[in-house]
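Here is the structure we will look at, set down as structure tokens.
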Amino acid sequence: MTRKIAVLAGDGIGPEIVAEARKVLDFLNTDMDLELSFEEGLIGGAAYDEHSSPFPAPTVDLVKGADAILFGAVGGKKWESLDISVRPEKGLLGLRSELELFSNLRPALLYPQLADASTLKPEVVSGLDLMIVRELTGGIYFGQPRGVKILENGERQGFNTLVYSESEIRRIGHSAFKIAQKRNKKLCSVDKANVLECTELWREIMDDVAKDYPDVELSHMYVDNASMQLVRAPKQFDVMVTTNMFGDILSDTAAMLTGSIGMLPSASLDANGKGMYEPIHGSAPDIAGQGIANPLATILSAAMMLRYTFDLGAAADRIETAVNDALDKGVRTSDIYSDGMTKVSTSQMGDAVLAELK
Ligand code: IPM
Ligand code: MG
């Protein structure tokens, strides 16, 4: 059996951080005989430059034939003026939607060594360990109609549609409840049910799905309050489940609680456990090519891939322990640097993790 991994490095810092995750995976592949095979493909701006499409046919074929996808990041200045339909971000959205990767897991875990790197007080964030489950293939990101039209008076009007069918809410609900069962059995569903009918339905369906999980305690929170609670008292949360756009926003907030968005991995899963794994940060064009990006979010995404798609928990544990041990040694990329630590480059951070693995 070979485990086929499509590698889509993308744009900006994507290739730099993916290279470090590959170092780690290549080592474990040999060391533990994991039978991983890798094939690279183009996505985002890099794909547009070659094929005039951010998600071209060869990449569609590659990801459809793969068991898992390791993804870097997409986007950059160079492509910002393109029509929205062919912008690099459309490549990522196309991939999520084409493979029906509806369940996006974004864990926010504070490494104790980084408590000082957070902008919040150490007592507010120490011990933080929460999981955001974001619906990823529906909602306002994909709803129709959408666009910009010209009104009768000549003025332009932009519009998007927030839409969720009952079945879409149900399946992300089940996904989140199952994760809560494996953690501390507390699930908070985040919506805007006081204003938006669509999320009033969301709340109703979550209550219904809850009947199948009597061991999990379900609560509901409006998104504005949730964003406030995340910075006020984040440790009240165990698992949060929310819509595509609310999850996009809240996961950036959760990331910063941990000190740096450069630390957070993610998994995007379909109904059968096939998945795409990517850091939650973007392509960071401002620092691309300088060798200063933090590769840990991508390395930790590789660990999630081994755990969730391939059920290789022991290999995943080894990566996570190695990251922890490397941090213990005091190596820091500049985003998580503090006084007294050793500032390292992207590839030195990868090497430090590799050294701990060995
Ligand atoms: C994310 C990103 C993407 C999103 C962008 C790059 C399209 O912000 O994965 O959180 O909005 O989903
Ligand atoms: Mg985002």
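Note that ligands are numbered from 1 as they come in the structure, with each ligand's atoms numbered from 1 the same way. One is the number of the first residue; the rest follow in order along the sequence.
Close contacts of ligand 1 with Arg106, meaning ligand atoms under 4.0 Å from a residue heavy atom, involve 1 (C), 9 (O), 10 (O). The contact set between ligand 1 and Arg96, taken as ligand atoms under 4.0 Å from a residue heavy atom, comprises 1 (C), 4 (C), 9 (O), 12 (O).
Residue Asp248 counts as close to the Mg ion (ligand 2), with an N, O or S atom under 2.8 Å.
By the 4.0 Å N-to-carboxylate-O rule, Asp11 lies too far from Lys78 to be salt-bridged with it.
Side chains of Thr333 and Pro295 form a contact here, defined as non-hydrogen atoms less than 4.5 Å apart. At least one side-chain heavy atom of Gln113 sits less than 4.5 Å from a side-chain heavy atom of Asp328. The side-chain heavy atoms of Asp351 and Val344, taken from C-beta on, include no pair separated by under 4.5 Å. Taking the side chain as every heavy atom from C-beta outward, Leu93 and Arg96 approach each other to under 4.5 Å.
Put simply, no part of Met245 is less than 4.0 Å from ligand 1, judged by heavy atoms.
The nearest heavy-atom contact from the protein to atom 2 (C) of ligand 1 is Asp248 OD1, 4.0 Å. In this structure, atom 4 (C) of ligand 1 lies nearest to the protein heavy atom Tyr141 OH, 3.5 Å.
Under a cutoff of 6.0 Å and an axis angle of 45°, Lys149 and Phe159 form a cation-pi pair.
Contacts between Arg134 and ligand 1 below 4.0 angstrom, taking non-hydrogen atoms only, involve the side chain exclusively.
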